**Student:** 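Please see the structure below; I have some questions.
The structure displayed is predicted, hence computed values, not measured ones. Note on naming: letters A, B, ... go to the chains in the order of the sequence lines (proteins, then strands), and numbering restarts at 1 for each one.
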Amino acid sequence: VTELTDEAAQARFDAPLADEQAVMAMLAALPPVTMPRELSDSISAALAAESASRATGSSADSDTSDQPLAEVIDLSSRRRTWVGAVAGIAAAAVALAGAAYVVRPHDAQVVGELGPVLASGNVYTSGQLSSEVPQMLTNAGLGSNSGTNTARVAPADAAQLSQTFAATTDGIRSCVAKLGDSGDVTVVAIDLAQYQGNPAAVVVTRATGGTELTATVVAPTCTSSGPEVLARTTITAP
Amino acid sequence: VVDFDELDDRELMALHVAGNPDAFGEIFRRHRDRLWAVALRTIGDPEEAADAVQDGLISAYRNASSYRGDAAVTTWLHRIVVNACLDRIRRRTARPTVALPEDDLQVDASRLGETRDAMEEKETSLEVTRALAQLPPDQAAAVVLIDIEGYSVEEAAAILDCPPGTVKSRCSRGRVKLAATLGHLRNRHDDDGV
């Protein structure tokens with residue numbers, strides 16, 4: 001194809017030839033695409049992590065790198081899920097596109113019995129959650145290979161629960177509903193511990209029908225109005 | 001409690017800059033499908049498009065204070081995401097020749113049923129997408145914005161940060177190349193009365 005000069009190309013834009021008009025018709029007739037829900041959820045989580053970073057004063061705005069400061073859902077580990085599951089996502093995505101805008105972040109519905117609230121004493125660290133949380137679950141007897149004699153993580157007592165969202169079931173449901181999950185989730189466990197040396201809670205959830213777990217680190221006072229997500233990652237169930 | 005439904009994009013941006021934790025999320029929800037469509041069509045690869053959209057939105061979140069209000073918020077967001085796409089395309093040595101597995105295009109089934117056999121439309125869509133992926137990135141972006149997403153030349157120029165005449169020439173050159181690549185589809189299209 002001979003490259004048009006700038007002048008000729010601009011003129012052709014206003015008076016396209018028949019072949020080009022046919023191309024324009026084909027392009028205009030392409031079916032619409034909607035953002036896959038998994039991707040939308042991942043970006044929402046990344047933005048929530050940014051918001052948490054801003055709220056805790058870690059100043060995402062001053063960071064000049066291209067990477068989010070907080071640990072967020074790893075897109076690379078989830079791509080295959082949404083790329084491969086597009087057929088199932090399509091209907092939901094199309095429905096979502098036609099629905100009224102959601103005013104607030106997705107409200108996940110907590111289903112089933114709530115998992116235990118633990119006090120592992122762990123000091124979780126950024127970048128290590130994907131190994132530290134499964135180990136905690138295994139130690140708590142919540143792993144598939146934990147057996148019955150390996151529950152080395154104590155449940156939280158009244159003093160530890162006080163002043164935290166985990167003191168009541170309503171507090172847990174209210175917090176979990178705002179963590180960025182969508183659809184139904186089960187609370188596998190909550191660990192009242194530390195993150196980066198500060199008091200925090202690790203909320204481990206599983207989406208209904210899902211196999212992976214999501215570990216979300218929140219401030220101990222997590223509420224529906226201020227979830228304060230400090231970090232978030234997907235993990236493989238131990 | 002702020003009712004976001006009552007706010008336009010500029011007001012949401014102002015809220016975000018002022019520290020509201022949810023305002024930017026609402027902006028994202030309003031524009032995500034169009035941003036995704038532009039990224040996917042421009043970059044041609046769903047994984048890279050996903051990364052570009054996420055990178056662009058995080059960048060927009062962090063640099064919201066640089067938004068001066070001289071363009072619509074959606075134009076500003078598109079500019080950031082399109083730039084993220086073009087940066088990714090330029091960084092790689094070759095664009096994929098087979099960009100999208102067929103399921104990566106989420107087809108509105110109801111719309112398919114209105115026009116022609118679903119399989120044929122899907123095939124056409126894939127061929128067009130592959131042809132777009134072969135265009136120089138600047139031309140692909142112009143074609144996507146003008147001929148697929150329906151932006152005006154002036155809007156596309158604002159998104160691409162170039163003069164309107166440049167948008168026209170890029171788009172026109174892209175159309176010429178696409179016409180050569182997709183000529184075999186024209187008969188099918190004509191047969192269907194388009």
**Student:** Does the pair A/L39 and B/W36 meet the rule for a side-chain contact (heavy atoms from CB on, under 4.5 Å), with working shown?
**Tutor:** CA-CA 10 Å; A/L39 175 59; B/W36 170 244; 3.4 Å; yes
**Student:** Nearest 0.5 Å, what's the CG-NZ distance between A/D14 and B/K168?
**Tutor:** 3.5 Å
**Student:** Applying side-chain contact (heavy atoms from CB on, under 4.5 Å) to B/D33 and A/V33, what does each step give before you reach the verdict?
**Tutor:** CA-CA 7 Å; B/D33 286 334; A/V33 295; over 6 Å; no
**Student:** Do any pairs count as a ring pair (Phe, Tyr, Trp, His ring centres under 6.0 Å) and have a residue in residues 6-35 of chain A, sequence neighbours left out, and if so which ones?
**Tutor:** none
**Student:** Excluding sequence neighbours, so at least two apart, what forms side-chain contact (heavy atoms from CB on, under 4.5 Å) with B/A142?
**Tutor:** B/L160, B/R170, B/C171
**Student:** Shortest non-hydrogen contact from B/R29 to A/S44?
**Tutor:** NH1-OG, 4.4 Å
**Student:** Has the side chain of B/Y61 got a donor or acceptor atom that lies under 3.5 Å from a matching backbone atom of A/S51?
**Tutor:** yes
**Student:** Provide the closest heavy-atom pair for A/P31 versus B/R41 in the form atom of the first, atom of the second, distance.
**Tutor:** O-NH2, 2.9 Å
**Student:** I'd like a table of donor-acceptor pairs (distance under 3.5 Å, sequence neighbours excluded) in which one partner is a side-chain atom from residues 20-30 of chain A, with atom names and distances.
**Tutor:**
| unit_1 | atom_1 | unit_2 | atom_2 | d |
| --- | --- | --- | --- | --- |
| A/E20 | OE1 | A/R12 | NH1 | 3.4 |
| A/E20 | OE1 | A/L17 | N | 3.0 |
| A/E20 | OE2 | A/R12 | NH1 | 2.4 |
| A/Q21 | NE2 | A/P16 | O | 2.9 |

**Student:** With rounding to the nearest 0.5 Å, note down the distance linking CZ in B/F28 to OG in A/S40.
**Tutor:** 4.0 Å
**Student:** How many angstroms lie between atom NE2 of B/H16 and atom CG of A/L47, to the nearest 0.5 angstrom?
**Tutor:** 8.5 Å
**Student:** Between A/D6 and B/R173, does any side-chain N to carboxylate O distance fall below 4.0 Å?
**Tutor:** yes
**Student:** Measure the shortest side-chain to side-chain distance between A/L4 and B/V176 over non-hydrogen atoms and say whether it is less than 4.5 angstrom.
**Tutor:** yes
**Student:** I need the contact set between residues 145-155 of chain B and chain A: heavy-atom distance under 4.5 Å, sorted by residue number.
**Tutor:** B/I146, B/D147, B/I148, B/V153
**Student:** If I measure from the heavy atoms of chain A, does B/Q139 come under 4.5 Å with its side chain, its backbone, both, or neither?
**Tutor:** side chain
**Student:** What is the distance from atom CG of B/L40 to atom CE of A/M35, rounded to the nearest 0.5 Å?
**Tutor:** 10.0 Å
